[in-house]
Q: 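Below is a structure I'd like to ask you about.
Keep in mind that this is a model prediction, so the values were computed, not measured.
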Amino acid sequence: MNKKHLPYIILFAVLLLGAAGLFSTRFDLTKEKRYTLSDSSVKVLKSVKKPLTVEVYLEGDFPANFKQLRNEAKFMLEEFRKINPKIDYKFIDPLKTKMSQDTLMAMGMQPSKLSDMKDGKISEIIIFPYAVLKYDGYGSSHSLISQQTGSDLDQQINRSIEGLEYNLVSNIKAITQEHKKSIGILVNQDELRPDEFRGFVNMALENYNVGPVIPTTPGELTLSDIPKLKKFDALVIAKPRKPFTDGEKVILDQYIMNGGKTLWMIDAVNAEMDTLNVSESKKIMAYPINNNLTDFFFNFGLRINPALVKDVQKFALLRLVTGEVQGNPQFTSLPWPYFPLGIAESKNPVTNNINPVKFEFPTSIDTLGRPGIKTNVLYESSTKTLLKQVPNYVDLKEIASVDSLGQNEKPTTPKIFAVSLEGKFSSGYAARSERNTFPNFRAQSENNKMIVIADGDVGRNKVLKGEPLPLGFDLLTNQQFGNEQFLKNALDYLLDDSNLMELRNRNIEARLLDRQRINEEKAQWQWLNLLLPLAIIGFLGALSFWLRKRRFSK
């Protein structure tokens with residue numbers, strides 16, 4: 001064999017083996033690295049110890065944008081399988097396999113209805129864009145579509161693709177982890193009733209263990225409750241209406257100093273919509289609530305103000321009876337500035353790409369700043385905001401009053417509804433005598449997290465005929481707000497030890513085709529695609545003929 005031919009033989013062998021699929025190497029040249037899994041994802045995938053099957057119900061004949069989502073999911077699952085061979089996947093066409101809608105809905109899937117036009121005829125397509133995870137005898141279904149009001153289908157699909165890695169990996173982590181983290185619900189301070197908090201608990205139970213924290217001594221947390229608190233990785237305090245004692249605050253302070261995460265939903269003003277609706281005068285007296293937490297939050301650089309926020313630009317609608325026709329009440333949805341909407345203005349993994357969050361009679365938070373603590377604003381009002389000092393009346397007539405909707409013409413400073421704190425927290429009792437009452441007192445925590453929301457109703461679900469409605473669902477206006485997803489993200493942020501939450505900030509630029517240009521230039525591109533290959537083949541044939549003629553004519 002001629003040694004000069006050896007490099008060509010080796011190159012041919014390498015190409016032949018690559019074509020046979022014996023090895024493959026990919027280079028991600030995209031700007032946003034859309035085809036490169038994060039280190040956090042790789043770590044989670046490698047931790048899967050038993051066979052895991054992902055069934056994706058995105059097979060069949062449906063619009064191109066859903067095919068794009070299908071292709072992205074298939075590529076990503078193929079990468080999962082390369083990292084860990086225990087992970088397998090398959091795509092299922094429910095129509096081809098003759099699976100009934102009742103069966104799919106019983107598996108936790110809700111259908112999506114789309115209109116499709118072919119040959120001038122409009123038809124309705126029903127699809128189930130879900131992934132079902134099966135692991136060690138357990139199964140769970142998860143939507144692949146990001147729910148966000150106000151987005152068209154293309155935007156929604158693009159955001160779903162952006163969140164695809166987090167969606168799949170976080171749910172794989174949830175179903176495969178051997179030990180779920182635990183969340184405690186404080187039951188001591190006249191918090192939300194069990195039926196009002198059922199939606200939150202059901203949501204949390206999907207990924208965590210959840211249990212109540214009931215003091216051993218009736219009515220007050222004491223030192224005897226410390227072993228119970230240590231069992232919980234996070235503590236949720238939802239709308240407390242009874243003041244915390246100084247002893248309870250020391251216990252909560254030390255729970256935080258020892259690494260416990262906390263989610264606070266605090267009402268600083270008493271104002272209830274249920275009371276307003278049944279009031280004969282259609283007005284109620286709003287007054288401040290003393291939770292005895294002012295010094296507690298001040299230590300972490302926060303102050304919750306006892307004044308109601310009225311946002312006259314970003315608000316939810318209130319459905320009211322505004323007339324009657326032949327005995328039938330006539331309903332109208334009207335703006336209600338006491339129900340401002342939380343719409344994320346910045347990229348934050350807790351609030352990114354979710355429906356607006358509905359707040360009910362919230363107050364505001366001042367951020368004071370503390371060394372070593374990073375404060376992030378999660379939600380704030382618009383620049384068209386009024387503050388109502390209390391005690392004061394809240395009247396339904398304010399819906400149409402000039403004071404509510406016309407007075408605030410000049411821009412105002414947005415009011416903060418929710419913040420996250422992250423860093424090394426210092427105890428507010430390090431220089432006080434109360435530290436002597438607590439065994440093994442700690443003056444500072446390791447890196448820790450906390451979320452504070454200035455609204456106790458953000459986690460409250462409505463109750464209809466004794467049955468709880470989904471969290472964030474408004475029965476009167478038939479709207480689904482983002483409260484459940486917001487609080488789910490909040491828990492994931494607090495308890496995320498794999499840094500998966502950062503994936504929610506992933507940005508994939510949608511490089512969409514110009515549909516108008518396609519329609520205008522369709523014919524010329526079709527002719528170009530038809531004739532250009534023929535022209536190239538003809539040119540190469542003529543060139544080959546000319547070279548042969550020139551070579552052999554000598």
Side-chain angles (χ1 to χ4, degrees), residues 182-205 208-222 224-226 228-229 231-253 255-256 260-275 286-294 296-297 300 302 304 306 357-363 365 417-418 450-463 466-472 483-484 486-488 490-491 494-495:
S182 298
I183 297 172
I185 310 294
L186 186 61
V187 182
N188 180 55
Q189 311 295 134
D190 293 338
E191 296 87 359
L192 292 174
R193 302 192 314 266
D195 59 339
E196 295 176 319
F197 210 49
R198 176 54 56 188
F200 178 91
V201 172
N202 289 341
M203 174 271 294
L205 281 171
Y208 304 101
N209 295 319
V210 180
V213 178
I214 303 174
T216 305
T217 302
E220 183 177 0
L221 287 171
T222 61
S224 60
D225 296 309
I226 294 174
K228 186 185 304 180
L229 286 171
K231 296 178 181 179
F232 295 103
D233 301 287
L235 189 62
V236 176
I237 302 95
K239 197 171 180 175
R241 282 162 282 194
K242 188 182 78 173
F244 286 84
T245 66
D246 292 338
E248 288 176 323
K249 291 191 291 184
V250 176
I251 292 173
L252 293 175
D253 173 273
Y255 172 78
I256 294 170
K261 313 299 190 296
T262 46
L263 173 58
W264 301 84
M265 296 175 246
I266 302 296
D267 269 355
V269 172
N270 183 76
E272 300 293 337
M273 197 67 213
D274 294 339
T275 306
Y287 56 87
I289 297 176
N290 178 25
N291 292 311
N292 195 27
L293 290 173
T294 302
F296 185 88
F297 287 124
F300 298 104
L302 301 178
I304 302 179
V357 173
K358 180 183 178 183
F359 298 96
E360 298 186 7
F361 295 113
T363 57
I365 300 174
F417 297 138
M450 175 191 303
I451 288 181
V452 180
I453 307 169
D455 177 22
D457 293 311
V458 70
R460 179 169 70 99
N461 56 256
K462 305 301 182 184
V463 180
E467 294 296 324
L469 297 174
L471 180 58
N483 296 47
E484 179 175 324
F486 167 49
L487 295 175
K488 180 182 184 299
L491 293 178
L494 293 174
L495 297 172

Q: Do the side chains of R460 and E360 get close enough for a salt bridge, i.e. N-O under 4.0 angstrom?
A: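 Salt bridge flag = yes for E360 with R460.
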Q: Compute whether any side-chain donor of one residue and acceptor of the other, for E248 and N292, lie under 3.5 angstrom apart.
A: no
Q: Within the side chain of D267, is there an N or O that forms a donor-acceptor pair under 3.5 Å with the backbone of R241?
A: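 Flag not set: sc D267 to bb R241 has no pair under 3.5 Å.
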Q: Is there a side-chain contact between F486 and I453 (heavy atoms, below 4.5 Å)?
A: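 A side-chain contact under 4.5 Å exists here.
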Q: Just so I know, are the side chains of V236 and F197 near enough to count as touching, which here means a heavy-atom distance under 4.5 Å?
A: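 Yes, close enough: below the 4.5 Å cut-off.
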Q: Mind checking the NZ-CG spacing from K249 to L293? Nearest 0.5 Å is all I need.
A: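 Separation between the atoms: 6.5 Å.
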Q: CD1/I237 to OG1/T262 distance, rounded to the nearest 0.5 angstrom?
A: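 Output value for this atom pair is 6.0 Å.
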Q: Do K261 and D233 meet the salt-bridge criterion of a basic N to acidic O distance under 4.0 Å?
A: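 Salt bridge between D233 and K261, a charged N being under 4.0 Å from a carboxylate O: no.
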Q: How many angstroms lie between atom NZ of K488 and atom CG of L471, to the nearest 0.5 angstrom?
A: 13.0 Å
Q: Kindly say whether G199 contributes a backbone atom to a donor-acceptor pair with the side chain of N461 at under 3.5 angstrom?
A: yes
Q: Any donor and acceptor pair, going by atom type alone, linking the side chain of Y255 with main-chain N or O of A234 inside 3.5 Å?
A: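 It does hold such a pair.
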Q: Contact between D225 and T217 at the side-chain level, heavy atoms closer than 4.5 Å - yes or no?
A: no
Q: Between W264 and F300, is the gap from one ring center to the other below 6.0 Å?
A: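 No, too far apart.
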Q: Less than 4.5 Å apart, any side-chain heavy atom of P306 and any of I289?
A: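 Contact flag for P306/I289 side chains = no.
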